[in-house]
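Index from 1, following the sequence.
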Amino acid sequence: MTSIVTYVGRLTPDCVASYHRIIVLRRVPPRTYLYFHEALPSQEKLGRDGEEPREEEDDGQVDLQWRIVGGKQVSIKAVPYQVLYGLYCGGTLIAPDWVITAAHCTDKETFVLAGSTQRSQATKYMICAHFIHPLWNTTHLHTHDYDYQLILLEQPVPVTPNSRPIAIGNVDDVQEGEMITQRVMQDIVRRVRVPVIAHEICQSLPLINYKTITPRMFCAGYLNGSKDSCQGDSGGPAVLHGKLVGLVSFGVGCAMKDQPGVYSNIPLVRNWIRQVTNLPL
């Protein structure tokens, strides 16, 4: 797909140099780091077939919070690709100097926070440029169609146990019943595991928001409303088998019956991500 890339960003010397090298000259250094799934000590860390360990189900009352509902606190070492875009959206590190988040989170934020379990202790990295998908909200099929945004950072995030890029999954990974893990950095990083819901089931749900979901979207959650992403989780990663497959796009309420979360499908836009970043994905 050929598209015009729009640049919105800052003109600091470091940003100009990065933009010129990556976008104009198309020069990207060879990858010298391991992706998240490659850096795991052993496949046993993921469990059978590379799947993350199954968490215990919550027996007590669900704590309805502003963000992830029914999730658990985790260390950033378990989710080192997780970043906070500004103060109100999540994001995912796909290379030391590239983050992917949701287009609806706007291109007004100037920094991301990374590298710590606690938001107050995370390191701030300034943003050079925002690249909104050229088809965002233009297809007239759904208001959140093509809800993708790439962010170029002024300085790369050091690859450490607390901050590490994640690889992008495959188109065929997102199947009904697969348990994706969704994370967000609140004051402390949290995650929740929810199953992918079949496209036709999601489209059959009562609310109009679900009837017009497009092939760029998938639904995940429990139809009884026990676990879900929530307001403030937008742009956060959905991970399957240690690879990125989606980001939080929208929902209707939080953990409500017949109102699962809707995620933008990341593998479907791998070519666009390559076009913008020149990364060897």
Query - side-chain hydrogen bond (donor to acceptor under 3.5 Å, both in side chains) contacts touching residues 90-104 (sequence neighbours left out) - result: His104-Asp147, His104-Ser234
Report summary line: salt bridge (charged side-chain N to carboxylate O under 4.0 Å, His left out) filter on Glu200, not counting sequence neighbours, yields none
Query - Summary of salt bridge (charged side-chain N to carboxylate O under 4.0 Å, His left out) pairs that have at least one residue in residues 168-177, sequence neighbours excluded - result: none
Is the backbone N or O of [Y] less than 3.5 Å from a side-chain atom of [X], with the two atoms forming a donor-acceptor pair by type?
{"X": "Ser163", "Y": "Ala114", "result": "no"}
{"X": "Arg10", "Y": "Ile127", "result": "yes"}
{"X": "His130", "Y": "Leu152", "result": "no"}
{"X": "Arg216", "Y": "Ser264", "result": "no"}
{"X": "Lys211", "Y": "Leu205", "result": "yes"}
{"X": "Tyr81", "Y": "Pro237", "result": "no"}

What pair of heavy atoms forms the shortest contact from [X] to [Y], and how long is it?
{"X": "Tyr210", "Y": "Pro260", "result": "OH-O, 2.8 Å"}
{"X": "Leu279", "Y": "Ala95", "result": "CD1-CB, 3.7 Å"}
{"X": "Phe218", "Y": "Ile180", "result": "CE1-CD1, 3.9 Å"}

Verify the cluster assignment for [X] and [Y]: are they in a single hydrophobic cluster under the rule of side-chain heavy atoms below 4.5 Å apart?
{"X": "Leu141", "Y": "Tyr146", "result": "no"}
{"X": "Ile208", "Y": "Met217", "result": "no"}
{"X": "Ile168", "Y": "Leu34", "result": "no"}

**Report entry** Reference residue Leu93; test side chain to side chain contact (heavy atoms under 4.5 Å, CB included); the match among Ile100, Leu244, Val99, Val159
**Finding:** Val99
Is there side-chain contact between [X] and [Y], with heavy atoms separated by less than 4.5 Å?
{"X": "His37", "Y": "Ile166", "answer": "no"}
{"X": "Pro165", "Y": "Ile94", "answer": "no"}
{"X": "Thr277", "Y": "Phe131", "answer": "no"}
{"X": "Trp272", "Y": "Pro134", "answer": "yes"}
{"X": "Leu240", "Y": "Thr181", "answer": "no"}
{"X": "Leu223", "Y": "Lys257", "answer": "no"}
{"X": "Cys202", "Y": "Ile213", "answer": "yes"}
{"X": "Ile22", "Y": "Val276", "answer": "no"}

Requested in this report: Please list, chain by chain and in numerical order, all residues satisfying side chain to side chain contact (heavy atoms under 4.5 Å, CB included) with Pro80, sequence neighbours excluded.
Outcome: Phe36, Arg164
Distance from [X] atom [atom1] to [Y] atom [atom2], nearest 0.5 Å?
{"X": "Asn162", "Y": "Gln121", "atom1": "CG", "atom2": "CD", "value": "10.5 Å"}
{"X": "Ile266", "Y": "Lys243", "atom1": "CD1", "atom2": "NZ", "value": "14.5 Å"}
{"X": "Tyr35", "Y": "Leu281", "atom1": "OH", "atom2": "CG", "value": "5.5 Å"}
{"X": "Leu150", "Y": "Ile132", "atom1": "CG", "atom2": "CD1", "value": "9.0 Å"}
{"X": "Leu113", "Y": "Gln118", "atom1": "CG", "atom2": "CD", "value": "13.0 Å"}

Report task. Not counting sequence neighbours, which residues clear side chain to side chain donor-acceptor pair (under 3.5 Å) with Thr12? List them please. Result -> Glu154
Requested in this report: Report the C-alpha distance between Gln155 and Asp14 in whole Å, list the side-chain angles of each, state the deciding distance to 0.1 Å, and finish with yes or no for side-chain hydrogen bond (donor to acceptor under 3.5 Å, both in side chains).
Outcome: CA-CA 8 Å; Gln155 297 289 340; Asp14 284 341; 2.7 Å; yes
Query raised in the report: Are there more than 12 heavy atoms of other residues, nucleotides or ligands under 6.0 Å from atom CZ of Arg26?
Result: yes
Query raised in the report: What do the steps show when you test Glu178 against Arg193 for salt bridge (charged side-chain N to carboxylate O under 4.0 Å, His left out), and what is the final call?
Result: CA-CA 10 Å; Glu178 288 281 7; Arg193 283 169 53 78; over 6 Å; no
Query raised in the report: Are His133 and Gln149 close enough, and set up right, to give a side-chain hydrogen bond (donor to acceptor under 3.5 Å, both in side chains), and what steps lead you there?
Result: CA-CA 6 Å; His133 196 286; Gln149 176 179 186; over 6 Å; no
Query raised in the report: Linking Ile, Leu, Val, Met, Phe, Trp and Tyr by side-chain heavy atoms under 4.5 Å, what else ends up with Leu268?
Result: Val171
Query - Check against ring-ring contact (aromatic ring centres under 6.0 Å, His included), Tyr263 and His144 - result: CA-CA 10 Å; Tyr263 300 77; His144 280 64; over 10 Å; no
